[in-house]
Every structure is written in structure tokens, then in C-alpha cells.
2 protein chains.
Amino acid sequence: MSYSIGEFSQLVGLSADTLRYYEKENLIYPNRDKNNRRVYTDEDKSWLLFILRLKETAMPIKQIKTYARLRYEGDKTSQERMHLLLEHRKFMLEQRRTLDENIDHLNRKIANYQKQLNERQGIQS
Amino acid sequence: MSYSIGEFSQLVGLSADTLRYYEKENLIYPNRDKNNRRVYTDEDKSWLLFILRLKETAMPIKQIKTYARLRYEGDKTSQERMHLLLEHRKFMLEQRRTLDENIDHLNRKIANYQKQLNERQGIQS
DNA sequence: ATACTTGTTGGAGTTAACTCCATGTCAAAT
DNA sequence: ATTTGACATGGAGTTAACTCCAACAAGTAT
């Protein structure tokens, strides 16, 4: 399957402008037809979805760019890419640790609020 | 204990400019001394550390501002604040779900790379 | 043939969250 | 008495990640 920028935009949930922006930033460059229009493939799709995963875990575009460059350079860079992924996994695990800690803290904070509200309730009744 | 902006800056790991910026955004307003200089207290400290937790979990300053406003309005708003915290907990749990999913996906991706590299190794030897 | 739709580019504008800077004030050190 | 140092304010500048727009191109619908 192949998609125009409009279709692709729908498919992945990004605006056409954003797609063109990503292209300018060298994250993804689709082929063009005889009319110079962008033609996205299913491969572009899975690649973009991966990019979105990276974004979802707060990887800045600059860093994604590095990965993209390696990818477009082909097979010979797979070791490097793997290294990058391992690094990113570390980062994500760290992120999860922080998140868990914050959830914990929030839970305690909420429990406190609850206690206080109950006490006040007690006084009023 | 009370701190000048410089000391406080060290204490919480934000630049003085950032602290003044947060003040402009109404996240935190310390008292002033007779000389109009900011005087931060330990209460300001724990409040700011809480702000940083919220930031760490990607709460935008605008939303933190809402919470700050309620806080500075005093006890009568604690119900509202609690509601806000509950909402934020939902958001954080959602964040964790996404993160776990992405870690999973990344693990599979890494496993794939590993397999491919092994296969190539196999061919070469 | 003309209008409409969807695309193209280059470049300007926007928002969030800082960050930097010029100019000025005051207390402390020399 | 002057220099130094930390701080004050107002406002400009920066970076990331879009978002919008004007002007043009080409295929499609009426």
C-alpha cells in the first residue's frame, strides 16, 4: 500500500505540516511520484510509528534524528543502532523508576488530604 | 531556616532566573525583606519540590499554576486540590501504562536485532 | 474552461519554558 | 570612599516542536 500525505496524516494521526516538518528534520523521507508528491509506504508507516514511540518516551527529535540517520545508512549500522536502543532502554527504565516514585509520593499526599478532610468532617458533625 | 534566592537556587537546583520566572508565573511567591529581596522558607522549599515532582511527570506549568492558586487560597480549596491530585494520579498511571508498553516493544525490537546480528555472525563464520 | 481539491515550497508566526542582559540598589569588604 | 557582590526589574533572545500562510502546480469534477 502507498499513501498520499493526506491519507498518511490520517493514518498516523499527525498533521501534514508535522510530517513535512519531520522530513525537514530528516526523520523520515518518503519517495515522490512523477509529480513531486510524497508517497508514503507501509514501511514508512511502521518507521513513523516507531518514531512516535520514541517521542512518547520523551526522546527529543534531535536524538531520534541520530537513530534515523543510522537507519537510512543501512545494515552496516545495526550495531550502533542497537547500542542506541540499549541506551534508550536504560533511560526508559530510569523514567519508570522516577514515575513510580512520584506515584508513590502522590499516593501519600492524597492519603494525607483524605485524612485531613475526614478529621474536619469529624469536627463539624 | 530562610534562604536568599542564591542559596535557594542551590538548594533546589534551579537557576535564580528560573525561580523568578516561576514567580512571574505565580507558582511560588516568597516573602521579601526590608530591602525587597526574596526570602525563601523551608515551606517554600517543600512546595517547590512538589512542583518539581509535578513537572517531572510532565504536568505543564499552566496546570501547576491552577494548583498553586488553590493552594494559596487556603484550606477551603483542599477538596478541589484533592480532586486535581486524583486526576493527576490517573494521568500518571496512564503514563506508566504507556511506558511499560513502550519498554515491552523496545525489548522485542532489541531481541530482534540480537537475533539478526547472531544470524549474520553465523553466516560469516 | 473554470473551479475545486490536494498537494508543493519557503518562510513567518506561535507557545512553552526558560535564559540572558542592561541598568539600578544596597550592604559588606578594603 | 570606593569597589565588590548579590540581588532587583523589565524586557529581549533562545530552543524545541510545531503551525500557519502565500503563492504556485497539477489532476479531477462540473
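Note on naming: letters A, B, ... go to the chains in the order of the sequence lines (proteins, then strands), and numbering restarts at 1 for each one. Side-chain atoms are counted along with the backbone in the values below, which use heavy atoms only and exclude waters and symmetry mates. This one's a predicted model, so the numbers in the text were calculated from it and none came from an experiment.
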## Note on the structure
Within residues 51-71 of chain A, those residues having any heavy atom closer than 4.0 Å to DNA chain C are none
### Message
Test of understanding: with side-chain hydrogen bond (donor to acceptor under 3.5 Å, both in side chains), list the residues that count as partners of A:Asn102, not counting sequence neighbours.
### Response
B:Arg53, B:Glu56
### Query
Is B:Asn31 atom CG crowded by more than 12 heavy atoms from other residues, nucleotides or ligands, each under 6.0 Å away?
no
### Message
Can you tell me how the ring of A:Trp47 sits relative to the ring of A:Tyr67, calling it parallel under 30°, perpendicular over 60° and tilted otherwise?
### Response
parallel
### Task
With sequence neighbours left out, write down each residue that passes side-chain contact (heavy atoms from CB on, under 4.5 Å) with A:Asp33, or none if nothing qualifies.
A:Asn35, A:Arg37, A:Val39
## Note on the structure
When rounded to whole Å, the CZ to C1' distance for the pair A:Arg20 and D:dA22 reads 13 Å
### Query
A:Glu73: what forms a side-chain contact (heavy atoms from CB on, under 4.5 Å) with it, not counting sequence neighbours?
A:Arg69, A:Leu70, A:Lys76, A:Thr77
### Task
Identify whether any heavy atom of A:Tyr22 sits under 4.0 Å from a base atom; if not, whether one sits that close to sugar-phosphate; answer base, sugar-phosphate or nothing.
sugar-phosphate
### Message
Going by the rule side-chain contact (heavy atoms from CB on, under 4.5 Å), which residues pair with A:Glu23 if we only count those two or more places apart in sequence or in a different chain?
### Response
A:Tyr29, A:Pro30, A:Arg32, A:Arg38, A:Tyr40
### Task
Sequence neighbours left out, what passes side-chain hydrogen bond (donor to acceptor under 3.5 Å, both in side chains) with A:Thr57? Give chain and number order.
A:His88
### Query
Taking five pairs at each end, how big is the angle between the two axes of the helix from C:dA1-D:dT30 to C:dT30-D:dA1, to 10°?
20°
### Summary
Across all chains, not counting sequence neighbours, the side-chain contact (heavy atoms from CB on, under 4.5 Å) partners of A:Ser78 are A:Arg81, B:Tyr113, B:Leu117, B:Arg120
### Query
Going 5' to 3' on DNA chain C, which nucleotide is the first and which the last to come under 4.0 Å of a heavy atom in chain A?
C:dT6 to C:dT9
### Message
If you define the side chain from C-beta out and look only at heavy atoms, does anything of B:Thr66 sit under 4.5 Å from B:Lys62?
### Response
no
### Task
Give me the residues of residues 29-42 of chain A where at least one heavy atom lies under 4.0 Å from an atom of DNA chain C, by number, or none.
A:Arg32, A:Asn36, A:Arg37, A:Arg38
### Query
Do you know which two heavy atoms are closest between B:Phe8 and B:Thr41, and how far apart they sit?
CE1-O, 4.1 Å
### Message
Within this structure, what is the CG-CD1 distance for the pair A:Leu52 and A:Ile64, rounded to the nearest 0.5 Å?
### Response
8.0 Å
### Partner residues of A:Asp100 under the side-chain hydrogen bond (donor to acceptor under 3.5 Å, both in side chains) criterion, sequence neighbours left out
B:Arg96
## Note on the structure
Residue pairs meeting salt bridge (charged side-chain N to carboxylate O under 4.0 Å, His left out), one or both in residues 101-112 of chain A, sequence neighbours left out, come to A:Arg97-A:Glu101, A:Asp104-A:Arg108
